[in-house]
Every structure is written in structure tokens, then in C-alpha cells.
Amino acid sequence: MKVLILGGDGYLGWPTAMAFSRKGHDVLVVDNYLRRNICRDLDVEPLFSVPNLLGRIRLWEEKTGEKIGARIGDCCSYGFLTQLFKEFKPEAVIHYAEQPSAPYSMLNHHAAMLTLSNNLLSTLNIIWAVHENVPDCHIIKLGTMGEYGTPGIDIEEGWIDIEHKGRKDRFLFPRQASSLYHTTKIQDTDLLWFYVRTWGLRVTDLMQGPVYGLSTDETEIDSGLATFFNYDELFGTVINRFIVQAVAGYPLTVYGKGGQTRGYLNIRDTIACVELAMLNPAGEGELRIFNQITETFTVNELAEMIKRVGNERGHRVEIKSIENPRVELEDHYYNPAYTGLKELGLKPHLLTAEVLHDMFERVELHADKIQMHKIFRGVKW
Ligand code: USQ
């Protein structure tokens with residue numbers, strides 16, 4: 001398929017681009033280096049450096065003979081984006097081009113403004129560019145499980161049937177986020193839903209949980225094809241952070257009571273889910289929502305698993321509960337549905353001891369590069 005990957009330089013975007021290119025899709029990636037620039041400006045660069053987008057693509061072609069197209073530019077610039085849609089005429093567009101960090105969005109007013117304007121404007125521009133140039137193009141949008149928050153009822157896959165005073169209807173499942181970043185994802189969903197109803201767009205909104213891992217079949221081909229691996233408080237997700245902390249001898253930073261439960265997934269499964277969504281497009285005028293997770297854990301369970309594997313590898317891993325910098329429930333009910341992607345054919349890679357050993361092994365290779373000051377800076381809500 002002809003697929004446009006927006007945010008194609010990121011943690012998930014780059015491995016997706018390689019995987020799709022290898023499967024024979026015609027891939028064009030777009031990025032404006034927002035994530036790289038923020039990481040450099042705030043001194044939270046990833047564990048190891050990787051070539052820039054054009055360098056990665058050159059290396060990819062050298063190693064595999066496959067071509068990936070690239071444009072450096074900002075999805076918030078409508079002229080740039082609409083021209084791209086006009087020329088390339090994608091059948092599917094994958095929207096990763098958002099500021100993805102909850103703590104960054106809570107850092108200060110500038111970061112809040114950047115998160116809000118980047119995330120909403122990029123989504124609005126994609127909707128318009130599709131409508132004006134390729135109305136049949138399938139929009140695949142990365143949303144987040146954090147849109148739902150942690151309600152005291154079961155979380156459905158996007159929609160809920162409500163009976164009220166004897167009448168019934170179907171609505172978006174109630175959303176109540178716990179960071180500005182997560183709130184922008186709710187607003188994205190609302191924008192998409194409005195234009196789906198109004199213009200009949202085809203949209204899949206993937207409610208993804210925190211992703212972990214640093215290898216896919218394609219990153220294995222050459223070290224220069226690796227994805228970013230952040231372990232800092234702003235851009236590192238909890239499992240990736242805990243492994244780096246264990247290797248560095250830094251006590252695992254469990255926030256508060258550690259009963260926070262989330263749905264997690266392996267980076268390999270992100271790519272598989274996005275491809276399944278692409279190969280099985282939403283219908284015209286359909287906003288299809290999947291909960292993109294494969295299993296749930298509390299933070300305490302993750303810390304215990306990582307401690308066990310770390311100790312087996314000769315690290316002396318300690319767990320330390322620290323005052324929670326975030327405003328979130330630390331002990332709550334959590335029962336999300338996540339059957340839709342499995343019904344489409346997803347075969348999950350679960351968080352086994354073997355997977356953790358593999359992650360440890362890769363991080364240990366870069367142990368000398370871990371910078372302690374990046375691990376915790378205490379961005380408070
Ligand atoms: N946590 C700790 N200690 C840490 C880091 C995190 O206890 O050192 C806790 C957090 O308080 C939270 C949980 O672990 O309860 C997950 O935190 P996270 O930083 O891994 O994930 P989060 O900030 O929620 O955001 C990440 C991605 C985001 C994605 C989201 C999915 O950065 O792009 O949308 O996961 S979800 O959480 O389901 O909304």
C-alpha cells in the first residue's frame with residue numbers, strides 16, 4: 001500500500017517505516033525533528049545516538065536494497081502537508097507526529113502550549129489534507145489508553161451503550177485524562193469523530209498503552225538502524241526506565257504506592273497492530289477504536305519482575321517508592337477490554353523473563369553511557 005508515516009523519525013515511527021518498507025509497502029516518512037530537538041534542549045537525549053532520518057534511510061537502502069521516501073517538515077504547516085498528500089496520494093496515513101510525553105506537557109506553560117498546538121493542529125491538518133486531496137485515505141491515529149483514565153467501571157473498546165430514562169444510544173466511552181498530553185489525545189478523538197460524522201472519513205483510533213522494548217526484526221539488521229531509547233523522566237516509559245535504572249544501580253523509581261495499573265505492549269506489537277489496522281481499513285464514515293495493549297500490570301509488579309531478572313544477571317537491584325510527582329490514583333479498579341486487534345490476527349509478544357533478559361542484554365552494552373542526572377528531575381503536576 002502507499003502509506004504516509006507522519007512522525008517517521010520517532011521511537012515508533014522509524015521501526016514502523018522499516019517494517020512496512022520490508023513488507024513491500026510504498027513508504028513516505030515525514031518528520032520535523034521535534035522530539036530530537038526537545039531532547040537536546042532539555043538534556044534528555046536517548047541512551048545511544050542514532051543517525052538522522054536521511055542517514056537512517058540511506059543505511060536502510062544500503063543494507064536491504066529497499067527505498068523509503070522522506071520529507072523534513074512540520075505537519076502543523078498546512079501548505080507543506082496538503083502538497084504532500086496531493087503529490088503522494090496515500091491510501092493510508094499513520095499519525096505519530098505528536099508530542100508524546102505526559103511529563104513534558106506538564107513541565108511549564110511553553111511545553112503545555114507546544115503540546116496543545118502541535119497535537120491538535122497536526123490532527124486538524126491531516127483531516128483537511130485527506131478531505132481535500134484523498135478523501136478515501138484511511139487515517140490511522142495513535143491515541144492512548146490514558147484518554148479513559150482509571151474509571152471505576154470496565155473500560156470498553158472506544159464506545160459504550162447507554163440506557164437513560166428508557167432510551168438507548170451509543171457514545172464514545174467517557175474520557176478523563178490525567179495529564180495535558182493525554183487531554184490533547186481526547187481532543188484529537190473528538191476532532192476525528194466530528195469530521196467522520198460530517199465528511200464520512202475513514203478513521204482508526206488506536207488507544208495505546210505504554211510501549212516497551214528496543215528491538216524489532218529490522219533494528220537487528222544494523223546498529224545504525226536502532227530506534228531511540230529514552231530512559232529519562234520525560235520521554236522514557238516506565239519499563240524502559242526501570243531496566244536502565246537496574247543496570248545503573250539506581251533504585252527503581254516506583255511513584256507513590258505503585259498500584260497504578262496500565263495496559264502495556266511490546267514495540268513489536270505496536271507495529272503489528274498498526275499494520276493490521278492498515279490492511280483492514282475502517283469503513284467510510286466509521287471511527288473505529290481499538291485498545292492497543294496486550295496485558296496489564298501494576299507498577300509494583302513491573303518493578304518486582306525487573307528486580308528478579310536484574311538480580312539473576314548480577315545487578316543488585318533495589319526498589320524505592322518515592323513521592324508521586326503526578327496526580328493519579330495509586331490504587332484503583334482497572335479492567336479494559338482489548339479483543340479487537342486479536343480478532344484481526346494480533347499474536348502478542350508478552351513480557352516474559354526472556355524478553356526482559358534480552359532488553360537487559362542490550363542496555364548493558366551501553367551501561368557506560370547512562371547519565372544518572374537524566375533519570376529523575378521531579379516534574380510535578
Ligand atoms: N511510573 C513510575 N515510575 C517511573 C515512571 C512511571 O511509577 O519512573 C508510573 C507512572 O506514574 C504511571 C505508569 O508508571 O502510573 C506509566 O507511566 P509511563 O511514564 O510509562 O507512561 P505515561 O506517562 O502514561 O505515557 C506513556 C507514553 C505515552 C502513551 C502512554 C499510554 O509516553 O505516549 O500515550 O504511555 S497510557 O499510559 O496508557 O496512557
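Counting convention: from 1, in listed order, for ligands and their atoms alike. Nothing here was measured: the structure is a model prediction, and the numbers come from that model.
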Problem - N/O separation below 3.5 Å, Q245 to ligand 1 - result: no

Handout entry: T253 versus Q245, side-chain donor and acceptor atoms under 3.5 Å
Key = yes

Exercise for the section: Using a 4.0 Å heavy-atom cut-off, say whether A102 meets ligand 1 through its side chain, its backbone, both or neither. Expected result: side chain

Practice task
May I ask you to decide if N119's main-chain N or O and S122's side chain share a donor-acceptor pair within less than 3.5 Å?
Solution key: yes

Problem - K342 side chain reached by F290 side chain, heavy atoms, under 4.5 Å - result: no

Exercise for the section: List the closest protein heavy-atom neighbour of atom 33 (O) of ligand 1: residue, atom name, distance to the nearest 0.1 Å. Expected result: P100 O, 2.7 Å

Completion exercise
atom 29 (C) of ligand 1: closest protein heavy atom, distance to 0.1 Å, is Y181 OH, 3.7 Å

Handout entry: Any N/O pair G263/ligand 1 closer than 3.5 Å
Key = no

Practice task
Report yes if H182 has an N/O atom closer than 3.5 Å to an N/O atom of ligand 1; otherwise report no.
Solution key: yes

Handout entry: Contact check: F242 vs ligand 1, nitrogen or oxygen atoms, below 3.5 angstrom
Key = no

Exercise for the section: Could you tell me whether D232 and R377 make a salt bridge, using a distance below 4.0 angstrom between a side-chain N and a carboxylate O? Expected result: no

Handout entry: Contact (N/O only, under 3.5 Å) between T144 and ligand 1
Key = yes

Handout entry: Contact check: R326 vs ligand 1, nitrogen or oxygen atoms, below 3.5 angstrom
Key = yes

Problem - E328 and ligand 1 - part of the residue with a heavy-atom distance under 4.0 Å - result: side chain

Handout entry: Polar atom proximity, G146 to ligand 1 (N or O, under 3.5 Å)
Key = yes

Handout entry: M207 side chain near T189 side chain, heavy-atom distance below 4.5 Å
Key = yes

Handout entry: Y181, W381, F235 screened by side chain to side chain contact (heavy atoms under 4.5 Å, CB included) with P103, the one that passes
Key = W381

Practice task
Check whether the side chains of Q260 and T150 place a donor and an acceptor atom closer than 3.5 Å, and report yes or no.
Solution key: no

Problem - Option of least heavy-atom distance to atom 38 (O) of ligand 1 (set: M106, E98, Q99, M145) - result: M145

Practice task
Indicate yes or no: does R362 engage E220 in a salt bridge with an N to O separation below 4.0 Å.
Solution key: yes

Problem - Y264, any N or O under 3.5 Å of ligand 1 N or O - result: no

Completion exercise
Counting heavy atoms under 4.0 Å, the part of V299 that contacts ligand 1 is side chain

Practice task
Consider ligand 1: state whether an atom of it lies below 4.0 angstrom from any non-hydrogen atom of F235.
Solution key: no

Fill in the blank from the handout: Within 4.0 Å of some non-hydrogen atom of Q260, the atoms of ligand 1 are 11 (O), 15 (O)

Handout entry: Salt-bridge contact K369-E45 (side-chain N to carboxylate O under 4.0 Å)
Key = no

Problem - SB check E328 R262 (cutoff 4.0 Å) - result: yes

Handout entry: Nearest non-hydrogen protein atom, atom 8 (O) of ligand 1
Key = T253 OG1, 2.7 Å

Handout entry: Residues E61, K67: salt bridge by 4.0 Å N-O rule
Key = yes

